[in-house]
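Worksheet: one structure, shown below.
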Amino acid sequence: MDVIIRNPVRRELQLQGSRRVKQLLKELDLNPESHIVIRGESLLTGDEMLRDQDRVEILSAISGG
Amino acid sequence: MRCIKCPVKASVELRRHNSSFCSPHYLEFVRNQLARNVKRLRMFAPEDRILVAISGGKDSLALWDLLLEAGYSAVGLHIQLGIGEYSVRSAEVSQDFAQSRGAELIEFSLDQELGMGVPLLSRVLRRPPCSGCGLNKRYLFNKIALERGFTVVATGHNLDDEAATLMGNVLRWQREQLARQSPSLESNHPQMVRKVKPLYTLTERETASYCLIRGIDYVVEECPNAKGAHSLLYKDILNRIETESPGTKQQFFQGFLARMRPALQREQTVDLLACEECGQPTTGEVCSYCRMKDRVQNYIAVNAPNGASRRDT
Ligand code: SF4
Ligand SMILES: [Zn+2]
Ligand SMILES: [Zn+2]
């Protein structure tokens with residue numbers, strides 16, 4: 001699957017195999033409290049299953065100041 | 001995972017509330033939070049004129065959107081801070097939002113008001129950028145609200161902001177800051193407008209989710225000066241605790257409001273005077289904004305009589 005991370009700097013990576021949203025975040029060491037995972041137009045909850053052909057975006061929700 | 005209100009698949013999970021919502025029911029949840037906070041802390045009434053501090057980030061735009069939607073009279077105020085690309089983009093996003101809603105946006109530029117933006121100000125004051133920036137924002141929000149007949153200033157501070165600030169204040173035992181930290185601060189001086197934070201029960205992930213579902217374009221990039229700020233470290237630590245123990249951030253902040261702040265407030269008896277130069281409330285003779293402005297004007301007179309801003313790049 002294609003994963004685009006905006007943290008807020010943009011990076012892209014490709015991963016093999018299916019996994020749930022919360023597993024993906026864990027692998028990438030991203031806190032589920034401060035990140036939102038989006039597929040297409042939909043926001044996804046942690047239990048959502050992601051497949052090989054999916055393209056997901058991970059957005060950091062944290063701002064400073 | 002299903003929405004707890006209907007059979008549709010959930011798009012936002014809120015572990016600390018043991019809930020999950022589909023998009024429409026999530027929006028309803030956020031609207032209810034706002035309505036409840038406004039009512040519970042008597043933040044404002046339908047006849048109030050609200051000035052909303054707009055940075056262009058997710059929190060301020062979510063707040064403005066919610067207030068407009070609920071039918072309040074809510075005018076935006078955006079202060080251009082002169083922080084390179086970040087400020088340019090923030091102004092654009094704020095203008096676009098205002099236009100899309102047909103809402104009024106007051107724009108103010110630090111460069112015009114003061115003669116310099118945040119980066120040069122930081123060098124002149126020899127203090128971190130956020131220190132001068134915060135001083136100007138606080139002062140200008142209050143002053144502009146007063147001058148233009150607004151009865152309350154609303155900011156988009158969320159639960160993460162408040163919990164991180166509380167953590168910072170507790171780690172240094174800042175008594176005065178603790179006594180003043182509140183989502184609804186009554187005016188304690190005729191020249192001081194009431195300040196409210198209607199989103200204080202929503203986390204950053206929740207305000208960002210709201211914007212994404214509503215299709216609100218907000219500035220995702222950070223202010224470059226936020227890097228390495230203590231507040232980001234505290235937010236990260238609190239979120240790590242929150243993941244293991246959902247509800248911690250809320251208990252930390254709400255517990256403080258319910259059990260600690262009343263005691264601190266009782267001890268606090270500072271008399272506010274009117275600043276000799278501008279009339280705004282201060283504890284001394286001249287307020288910190290006017291003292292800062294004097295230093296800035298001295299600097300400009302000596303170093304850049306034809307305008308400091310051009311060198312501020
Ligand atoms: S991070 Fe600091 S300098 Fe940047 S906008 Fe916030 S307070 Fe101002
Ligand atoms: Zn639903
Ligand atoms: Zn003054």
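Values reported hereafter were calculated over all heavy atoms of this structure, with side chains retained and with hydrogens, waters and symmetry mates removed. Reminder, nothing fancy here: chain letters follow the sequence lines and each chain counts from 1.
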**Study point:** Verdict with supporting geometry, B:R15 and A:E33, salt bridge (charged side-chain N to carboxylate O under 4.0 Å, His left out)
**Key:** CA-CA 9 Å; B:R15 287 176 65 211; A:E33 256 311 303; 5.6 Å; no
Check your understanding: So B:D236 and B:N239, side-chain hydrogen bond (donor to acceptor under 3.5 Å, both in side chains) or not? Walk me through it.
Key -> CA-CA 5 Å; B:D236 181 47; B:N239 275 335; over 6 Å; no
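B:K197 and B:D161 are not joined by a salt bridge, as no carboxylate oxygen comes within less than 4.0 angstrom of a charged side-chain nitrogen. Ion pair A:E12/A:R10 flagged as a salt bridge, since at least one NZ, NE, NH1 or NH2 atom sits closer than 4.0 Å to an Asp/Glu carboxylate oxygen. Between A:D47 and A:K22 there is no salt bridge, since none of the side-chain N atoms of the basic residue sits less than 4.0 Å from a carboxylate O of the acidic one. Ion pairing of A:E57 with A:R39 is absent here, as no side-chain N (NZ or NE/NH1/NH2) approaches a carboxylate O to less than 4.0 Å.
Although no hydrogens or angles enter the test, the distance criterion places a donor-acceptor pair under 3.5 Å between the side chain of B:S94 and the main chain of B:S90.
Looking at B:F21, there are no atoms closer than 4.5 Å to chain A (heavy atoms on both sides), in backbone or side chain. If you measure heavy-atom distances from A:E48 to chain B, the contacts under 4.5 Å come from the side chain alone. A:L44 touches chain B through its backbone: at least one of N, CA, C or O sits under 4.5 Å from a heavy atom, while the side chain does not. With a threshold of 4.5 angstrom between heavy atoms, B:D59 approaches chain A through side-chain atoms but not through N, CA, C or O. Heavy atoms of A:S42 lying under 4.5 Å from chain B are absent altogether. Using a 4.5 Å cut-off between heavy atoms, B:S209 contacts chain A through both its backbone and its side chain.
For the set B:G134, B:P129, B:S11, the entry with the most heavy-atom pairs within less than 4.5 Å of chain A is B:S11. Considering only heavy-atom pairs separated by less than 4.5 Å from chain A, the leading option among B:H230, B:K58, B:E206 is B:K58. Across B:T243, B:D160, B:I213, the residue that shares the most heavy-atom pairs under 4.5 angstrom with chain A is B:T243. Between chain A and the residues B:R240, B:E221, B:E13, B:K9, the most heavy-atom pairs under 4.5 angstrom are made by B:K9.
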